[in-house]
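A, B, ... follow the sequence lines: proteins, then strands. Residue 1 opens every chain. Not measured: the values here are computed from a predicted model.
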Amino acid sequence: MASKLLALRSLISKPLNLIVNQTPQKLDFVYNLKSFSTTSVSNINFFNKLPAEKLWKSVTSVSNAGAKKGRGKGAGRIRIRDLNRGQIIGVGKVNMLWPGLSAPVIRGRELLKQQRLPDDPERMEKLIKLRDSMTKFRRLKLSPIERGWSGSRMPGRSIGPPDPVVDEEFTGFDTKVLQLRSLLIMKGTLGRTRNYQAMVVTGNGQGLAGFGIGKAKEAPAALRKAKNRAGKKLMNFEIYDGHTIFHDFFTAFGKTKLYVQKKNKGYGLSCHRAIKEICQAIGIKDLRAKLEGSNNLQHIVKAFFIGLLQQRTHQQLAEEKKLHLVEYKAENQNYPTVVASPEYVRTKEEIPKDETLDFIQYVMNDRVILRRKKFPRFFQTMPHYEIYLKKYEKYRNHEKIRLNLKAEYGEIKSFLNDKYPEPKEGKEE
Amino acid sequence: MSLLKLVQNNTKSAFFRCNEPKIFLISSRKLSIVPSIYDGEDPAPKFFSSGIQILLKRLTRPDFAKVFRKRNNSNISVLRTPKYKFVTDEELRMEKLKADKSADRLLQMPPVVKVHKPIDDVLSIDPALIGYDSAKYLFTDISFGVDNEHRTIIERDPDGTLRSCDHAERKRLNQIYFPMQGRKIREPLIFQDEEKFHSLLDRLQYEYVLDRACVQYEPDEPTYHKLTSITYQHIDLKSMYDLLRSTRHFGPLAFYLTWHKSVDNLMLELLQSADVREAVLLLALRQALHGDLSSGEESSALVSQILPTPVQLTKKEQLSEEDIQLDTKCIECVDKYINTNSAMKSQQGLALQGFREHYQQLVELSRGLKKAHGAA
């Protein structure tokens, strides 16, 4: 037993001795041609046989059926990364200095030698970070000034003035996209193809504006076509007092109905966003528009333009009615200003009994806007609201009093405070 | 006396503060304006006489665009959409009449009256009440329908004297029981603080100052007279009459200047802006107040011819023969005044000469035009 163990030990120790003893012999450098391995070493595998493109495809592709179900979209989606990004030839895991590859051959008067430099532990981290940054989905970020109605989408965005037509430049013009959508059309040879349709409005903000529709295979081409068509179809609109329309009007196109109201200075544009863009292109600053019926955008735009074109100026209205048109402004203490007078003015006897004399009713062509009855807020009918009103009635002027006291004394205090000062918290120590 | 109201007068000091003549010291240091008040002859009868009222209103030169301008102190915080109406000629005339009426209301001049006399009216002396209390007792009649002027307000002093209250106390109590909108019980800082008052004047906020003074003070208060006097003189020095034109304060300004015989600056401004008719009206006003002008009779006679003509807001392009006749008379009248009574002879003479030359050109132009049109 013991002999066996000894033999085993000699066997184990033998290779060691062999190595130790044979090392000086190996310095002769003899090729081992006799004992080569016959087992195949495969240096070609799945990963280096195929190009990166195909490899990535195998990871990211979704079956046709899956794509229809919506797979491969959204949060869990795998994205293709460019693993070559951030890698430089000559720089690897081991930080080596390769003269002529990663460093110059001669530095100063010294010939550089190939050598190992201390390892850069951060290199891999940097690479991973760079690769990670590629995987996250980044939205196209726009500055708030360039932004349209919604994110980076085209509607609402400005695309500059139309292209000049034979030396005629559109100075001072700006074009806004109102609609950009893709349409699918069937073709005999190609089957279903995609087409883009754009609707834009262009104007100089001083009464000159037009809209255009363009169709093309690509979105930018459609936009360009629409813009240039809009530039060729300019219309002139008179603006009342440089800020609003001449009178309220009703206009419709198809099932779209629009009630447009003239407003005072400073009111702003309270209307559909497309109408707002049109108004800005024309130069209208104050207006209210209520949309009824279909909200088809192209119909809205057409209805609004038709309405604007059908406006009558004050002089025209006065001539139609053969009466003076008088304006009353509340800020001018309702002083009657005659804005238009006809050549011949009718007398009271000449006016028929059933004639529409109300200005708004006349300009709306006898169409009456339905005004809904305003109901009290839900809490106003409840008993607690009355209690609240009674309770807080005595405080109703306190805010004003506080303000007056602050103006008079610089702080909130009573006239009795001089004689009977109130104890202050800080002084009690 | 339906209700006797007792005022425990432990805020005596506040009352005394009001009575101190601190506020009367207001005077412009930079411009050294000495306020002059109407304390001699009572100006009220002359100011309220219809002839002078008409003259003052005409001198105001009301421009409806300015009279009905947008005001910052109106109750409309947000502009409203204008309203429109179709009207016939007749209705338009009625609307214009209505507007004229409201313009009259907006241009109603603050009254110019004499400074009030202090009230010193002892009703009774009861020595038995001496030392009854350390405070004054104030009694106010707050029965309905009595106006502030004639309200009975009396005080019982600690020494047993029962007497009528003085103006300061009356005003204070009236304001407590019957508050007037915009009037403060304590004087606003802009009138207390000389620095602030003058900064307002330097910023040419004359209308604001005068409006505020009208609300805060009674027209017969000495403080009102001082403040308005300083403001008027400031305007006169800076020749900023246009700021007050078309407002209700121009009448009192013209009256003040005429009353104190310092119209020459205003006269110069009128001649420079080629308003020779208004210059004659100003002479007529002076004649009516003082009667010391050599050309007085003529100016008074011209007034009846000038008044029916419309107010001239812009410079005329064309002249009719009547206009030319009237203006020539006016020029003569003003010329006479400049030669005899004016204190700024050379400047006014130059201004009149300039106006004459300009006027001669205008006359030739309009006559030539008439000839060219074939209307003789």
Calculate, to the nearest 0.5 Å, the distance between atoms [atom1] and [atom2] belonging to [X] and [Y] respectively.
X: B:T81; Y: A:K265; atom1: OG1; atom2: NZ; answer: 13.0 Å
X: A:N404; Y: B:R186; atom1: CG; atom2: CZ; answer: 10.5 Å
X: A:R346; Y: B:F86; atom1: CZ; atom2: CZ; answer: 9.5 Å
X: B:K85; Y: A:L325; atom1: NZ; atom2: CG; answer: 12.0 Å

If the threshold is 4.0 Å, N to carboxylate O, is there a salt bridge linking A:K348 and B:E90?
no

Side chain from CB out, backbone as N, CA, C, O: work out which of these in [X] comes under 4.5 Å of a heavy atom of chain B, or both, or neither.
X: A:Y362; value: side chain
X: A:H247; value: neither
X: A:E408; value: side chain
X: A:I360; value: neither

Against chain A, work out which of B:L189, B:V67, B:V78, B:D89 has the most heavy-atom pairs shorter than 4.5 Å and name it.
B:D89

At a 4.5 Å cut-off on heavy atoms, which part of B:L92 comes close to chain A: side chain, backbone, both, or neither?
side chain

Side chain, backbone, both or neither: which part of B:L106 has an atom under 4.5 Å from a heavy atom of chain A?
side chain

If you count the non-hydrogen atoms of other residues, nucleotides and ligands that lie under 6.0 Å from [atom1] in [X], is the total more than 12?
X: B:F178; atom1: CZ; answer: yes
X: A:Q380; atom1: CD; answer: yes
X: B:M94; atom1: CE; answer: no
X: A:Y420; atom1: OH; answer: no
X: A:K413; atom1: NZ; answer: yes
X: A:K321; atom1: NZ; answer: yes
X: A:K302; atom1: NZ; answer: yes
X: A:F379; atom1: CZ; answer: yes

How far apart are the C-alpha atoms of A:N264 and B:R80, what are their side-chain angles, what is the distance that settles it, and do they pass the side chain to side chain contact (heavy atoms under 4.5 Å, CB included) test?
CA-CA 6 Å; A:N264 51 285; B:R80 304 275 159 77; 5.7 Å; no

Just wondering, do [Y] and [X] contact through their side chains at under 4.5 Å, heavy atoms?
X: B:Y84; Y: A:V326; result: no
X: A:V338; Y: B:K96; result: yes
X: A:L323; Y: B:T88; result: yes
X: B:P82; Y: A:K262; result: yes

Stepwise side chain to side chain contact (heavy atoms under 4.5 Å, CB included) check, B:E91 with A:H324
CA-CA 9 Å; B:E91 283 164 338; A:H324 295 288; over 6 Å; no

Please assess A:N332 against B:K70 for the test side chain to side chain contact (heavy atoms under 4.5 Å, CB included), listing each intermediate value before the final yes or no.
CA-CA 5 Å; A:N332 294 346; B:K70 198 182 109 201; 4.3 Å; yes

